[in-house]
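Labels below follow one simple rule: chain letters A, B, ... track the order of the sequence lines, proteins then strands, and each chain is numbered from 1. This is a predicted model, so every value here is computed, not measured.
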There are 2 protein chains.
Amino acid sequence: MPDEEEIFDLAELFKIFGDSTRMRILFALFDHEICVNDLAEILSMTQSAVSHQLRILKSAHLVGSRREGKSIIYFLADEHVRTIIDQGREHIEE
Amino acid sequence: MPDEEEIFDLAELFKIFGDSTRMRILFALFDHEICVNDLAEILSMTQSAVSHQLRILKSAHLVGSRREGKSIIYFLADEHVRTIIDQGREHIEE
DNA sequence: CCAACATATGAACATTTATTCATATGTTCA
DNA sequence: TGAACATATGAATAAATGTTCATATGTTGG
């Protein structure tokens, strides 16, 4: 049994995957990096809503970002993101 | 990009991992199956609260249950649960 | 430097959700 | 069968969270 802090952190991590909007953002970033505005268009969402969610994703190190001119480009942070999502998809197929 | 329904289901699945109480229950069941009352004691929780959460875990097929006398024994449903949690833990170690 | 563009942020509101309390359902054993 | 035990469930309350609207911050090109 891990200590309470690790359990809490784990729950916080999965909580971030537990929202359709964030999941859609993650999928949009699966193959290629995208800037905020394009994300908003692709997902038919407000720029503000996207930005709020990106902030959450970034704070959990699920995505990273870099500036490119006026835009800020977001991308998936590491392979764990893909693995976790893939495992989730496998679980659903049953 | 998966269809909206799959994304929704995925988010719903991860939402279930995204709660400390449920995560604690899952860890308690990691090594051996346990009945509701024992879970409540181990986790210092109300029997009612545990039962409510077990219901959610079971509806997502993360745990299974069987009756044994007066008690009902709960156990982890499949290996995906362990894999998903393990991947989450790996992600945190950084 | 300033106008236009791109993103971030804060407050407010609405919705979701975990827990508690009371009670119902279901099982065993005398 | 009835009492005692084990679990489930429903309603109510409190807390957490996603979106919107308005606005701030930051960058580029003229």
### Query
In degrees rounded to 10°, what angle is found between the helical axes fit to the five outermost pairs at each end of the helix from C:dC1-D:dG30 to C:dA30-D:dT1?
30°
#### Entry: Donor-acceptor contact present, side-chain A:Ser51 to main-chain A:Gln47, <3.5 Å
no
### Message
Would a single hydrophobic cluster contain both A:Met23 and A:Phe30, if residues Ile, Leu, Val, Met, Phe, Trp and Tyr are joined by side-chain heavy-atom contacts under 4.5 Å?
### Response
yes
### Message
Tell me the interatomic distance from A:Met45, atom CE, to C:dA6, atom P, rounded to whole angstroms.
### Response
18 Å
### Query
Picking from D:dG18, C:dT19, C:dT7, which would you name as closest to the side chain of A:Cys35?
C:dT7
## Note on the structure
Against the side chain of B:Asn37, the closest entry in C:dA6, D:dT7, C:dT9 is D:dT7
### Message
Expressed as a whole number of angstroms, how long is the span from A:Ile25:CD1 to C:dA8:C1'?
### Response
14 Å
### Query
Which nucleotide sits closest to the side chain of B:Lys15: D:dT9, C:dT17, D:dG18?
C:dT17
### Query
Is there a path from B:Leu10 to B:Ile56 through hydrophobic residues (I, L, V, M, F, W, Y) whose side chains come within less than 4.5 Å of each other?
yes
### Task
Measure from CG on A:Asp38 to P on C:dA6 and round the result to the nearest Å.
9 Å
### Query
Among C:dA18, C:dA8, D:dA8, which is the nearest nucleotide to the side chain of B:Val36?
D:dA8
### Message
If I take atom CD1 in residue B:Ile72 and atom C1' in nucleotide D:dT9, what distance separates them, rounded to the nearest angstrom?
### Response
13 Å
### Message
Measure CZ/A:Phe17 against P/D:dT17 and give the value in whole Å, please.
### Response
16 Å
### Task
Could you tell me the separation between the CZ atom of A:Arg24 and the P atom of D:dG18, rounded to a whole number of Å?
15 Å
Using a 3.5 Å cut-off and no angle test, enumerate the donor-acceptor pairs between side-chain atoms of residues 34-46 of chain A and protein atoms at least two apart in sequence or in another chain.
none

### Query
When B:Tyr74 is tested against each of B:Leu29, B:Leu57, B:Ile25 for side chain to side chain contact (heavy atoms under 4.5 Å, CB included), which residue passes?
B:Leu29
### Query
So, the side chain of B:Arg82 versus the backbone of B:Ile84: is there a donor-acceptor pair under 3.5 Å, distance only?
no
### Message
Assigning hydrophobic clusters by single linkage (Ile, Leu, Val, Met, Phe, Trp, Tyr; side-chain heavy-atom cutoff under 4.5 Å), is B:Ile16 placed with B:Phe8?
### Response
no
## Note on the structure
In whole angstroms, the gap separating C1' of C:dA6 from OH of A:Tyr74 amounts to 11 Å
### Task
Give me the ring orientation class for A:His80 and B:His91: parallel if the planes are under 30° apart, tilted from 30 to 60°, perpendicular past 60°.
perpendicular
### Contact under 4.0 Å: B:Arg22 side-chain N or O vs C:dA18 OP1/OP2
yes
#### Entry: A:Ile73-A:Leu26 co-clustered via ILVMFWY side chain contacts under 4.5 Å
no
### Task
Ignoring backbone atoms, test whether A:Ser71 places a side-chain nitrogen or oxygen under 4.0 Å from the OP1 or OP2 oxygen of D:dT27.
no
## Note on the structure
Here the pair of heavy atoms bringing A:Lys15 nearest to A:Arg22 is O-NH2, 3.3 Å
### Query
Reading nucleotides 21-30 of chain C 5' to 3', which nucleotides get B (base under 4.0 Å from a protein heavy atom), which S (sugar-phosphate only), which -?
BB---SBS--
### Query
Roughly how many Å is it from CZ in B:Arg55 to C1' in C:dA18, rounded to a whole number?
14 Å
## Note on the structure
Checking D:dG18, C:dA18, C:dT7 against the side chain of B:Ile56 (C-beta onward), the nearest is C:dA18
